[in-house]
Amino acid sequence: MLHDVMEVVQPGEGNGNHMIVRLRLPSGLEILGLPTENFYGGDWDLGPTWNYLVLADRPFLVDTGRTGQGNTLLEKLKMAGVSGKDLAFVLLTHGHEDHDGGLSEIVQATRASVKAHKLYDRLIRLYPNDAPPGVDKDFPASCWRCLMPASFSNKQCRAYHRERSRLEIETIGDGETSIMNAVTSYHLPGHSPDALVFLLGEEVLLVGDTLLPDISPHPTRQSDFGQVAHVFGPAYPCGDSIYGLRAYLRSLKKLERIGTRMDHLIVLPGHRLFYNHRWNEMAVNERVRELLTHHVERCGSILESLKRGPKTARELAVAYFEPSLLKGAGIIMAENEILSHFELLQACGDVIPSDDGRFEATGTSTVESAIDALEPDHR
Ligand SMILES: [Zn+2]
Ligand SMILES: [Zn+2]
């Protein structure tokens with residue numbers, strides 16, 4: 001149990017901002033939870049990004065907070081008695097800005113090496129001669145299909161992209177990989193194509209955004225693959241193994257396999273470990289089942305709704321998401337999530353797109369059995 005091993009070193013705000021927590025595990029391993037603030041505007045609060053300092057023989061940091069938070073994080077390390085220079089390496093759960101935004105600052109200050117999935121190493125680069133037509137050539141491959149309006153990305157992202165594109169990455173492969181003694185990584189794509197989770201001994205699972213309490217992780221779209229396939233190369237011939245809802249659901253099933261093997265894991269997520277003034281403890285398999293059920297039900301409900309007539313993703317997004325989640329860029333995220341369900345439903349033959357951007361039910365309802373049949377090891 002989280003509470004048996006955890007001590008609040010520094011209390012913070014109700015959403016977790018400014019907290020520091022220390023975990024002392026039965027093996028003797030210690031981990032510090034070091035949340036860093038996120039501020040993207042709008043009415044919806046994601047809460048901070050939870051980064052973790054693992055005090056192994058040589059300490060290492062998992063994730064680095066968003067842009068501008070790298071030095072804040074180094075200050076917190078110092079308070080814990082760890083100099084940035086002591087870091088063996090920085091490990092990334094995935095290449096979203098709220099997790100790797102602070103990375104360049106930390107690397108500049110400490111010269112620490114960076115370990116991330118091998119697709120991260122492809123996605124952060126700029127390909128000025130190889131970018132698809134119509135995309136901004138200053139954008140890395142990760143952002144060729146940017147969901148945010150230019151007013152946002154011009155202000156928030158350009159410097160981050162440029163700095164990040166110059167980083168040297170020690171790459172981690174697919175499947176199950178040993179990072180160091182008692183630290184194993186698993187490639188679990190879906191929320192992002194480069195998503196990793198890390199198992200420490202048989203005690204702790206650092207899950208990034210692949211498994212979150214409170215909220216359902218945002219899936220990518222299978223169609224995102226087309227633009228980047230040529231920078232990934234022949235090792236990834238099939239987009240649905242690393243992008244989209246099917247990839248994500250398979251990754252949940254992989255997590256379930258880990259959770260079945262080790263049913264007392266302490267799960268440390270990238271967000272909402274503490275939120276609304278309370279701790280969110282997760283049991284791996286229980287949370288996996290909740291999320292699988294959520295997606296089965298969402299697909300079933302979309303099908304029901306389409307039986308009453310064809311609809312666009314936007315119409316369904318407005319029906320399913322609370323108004324506060326639809327403000328600003330929220331509507332784009334919500335629409336994107338519905339489109340990821342449409343992709344799965346279309347692959348099952350339960351819906352077809354029509355010429356006017358709507359989706360139509362075909363009359364079949366095979367999605368639930370298709371989700372049941374998804375194999376975790378598909379490539
Ligand atoms: Zn993320
Ligand atoms: Zn995140």
Side-chain angles (χ1 to χ4, degrees), residues 15-17 19 33-42 44-52 61-70 72-73 90-103 106 114 116-117 119-120 123-124 140-148 152-153 156-157 160-161 164 172 185-198 205-221 224 228 242-245 247-249 251-252 255 267-275 280 282 287 291 295 325 329-330 332-334 336-337 340:
N15 71 356
N17 276 337
M19 283 183 114
L34 304 170
T36 46
E37 252 179 295
N38 285 316
F39 19 80
Y40 294 102
W44 187 68
D45 176 37
L46 172 64
T49 299
W50 281 78
N51 315 283
Y52 299 96
L61 182 64
V62 179
D63 287 345
T64 63
R66 68 154 306 185
T67 312
Q69 293 294 305
T72 310
L73 207 44
V90 177
L91 199 53
L92 291 177
T93 60
H94 64 301
H96 286 169
E97 193 266 350
D98 54 330
H99 298 260
D100 75 353
L103 180 61
I106 289 178
V114 181
H117 186 259
L119 290 180
Y120 179 82
L123 286 163
I124 63 171
S142 61
C143 302
W144 282 345
R145 207 182 68 79
C146 179
L147 293 179
M148 306 310 268
F152 178 92
S153 50
Q156 303 271 358
C157 309
Y160 154 69
H161 287 159
R164 193 180 70 154
I172 298 171
S185 84
Y186 298 83
H187 180 216
L188 297 186
H191 168 69
S192 71
D194 56 356
L196 296 172
V197 308
F198 306 112
L205 199 60
L206 293 150
V207 289
D209 287 357
T210 295
L211 205 63
L212 295 173
D214 250 7
I215 46 177
S216 168
H218 189 74
T220 41
R221 295 257 307 281
D224 296 347
V228 292
I242 40 177
Y243 279 96
L245 191 55
Y248 179 66
L249 298 176
S251 288
L252 287 180
L255 276 177
V267 185
L268 298 178
H271 301 283
R272 306 233 172 165
L273 179 64
F274 183 83
Y275 201 74
N280 286 315
M282 286 190 285
R287 188 61 184 143
L291 289 168
H295 289 293
L325 295 176
I332 306 170
M333 301 286 284
N336 203 54
E337 184 146 349
S340 78

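Along the sequence shown, residues are numbered consecutively beginning with 1. Counting convention: from 1, in listed order, for ligands and their atoms alike.
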(request) Scan V114, I106, L91 and name whichever one has a side-chain contact (heavy atoms from CB on, under 4.5 Å) with L61. (result) I106
(request) Pull up every protein N/O/S atom sitting under 2.8 Å from the Zn ion (ligand 2), skipping waters. (result) D98 OD2, H99 NE2, D209 OD2, H271 NE2
(message) Strictly distance-based, threshold 3.5 Å: is any side-chain N or O of Y248 a donor or acceptor partner for the main-chain N or O of T210?
(response) yes
(request) Over 60° means perpendicular and under 30° means parallel, so classify the ring planes of H117 and H187, tilted if in between. (result) parallel
(request) Please report the C-alpha distance between D98 and R66 in whole Å, then the side-chain angles of each, then the deciding distance to 0.1 Å, and finally whether the salt bridge (Lys or Arg N to Asp or Glu O under 4.0 Å) criterion is met. (result) CA-CA 4 Å; D98 54 330; R66 68 154 306 185; over 6 Å; no
(message) Rounded to the nearest 0.5 Å, what separates atom NE2 in H191 from atom CG in L212?
(response) 7.0 Å
(message) The test is side chain to side chain contact (heavy atoms under 4.5 Å, CB included); show your working for D63 and D100 and say whether it passes.
(response) CA-CA 6 Å; D63 287 345; D100 75 353; over 6 Å; no
(request) Using only N, O or S atoms, tell me which atom of H191 is closest to the Zn ion (ligand 1). (result) NE2
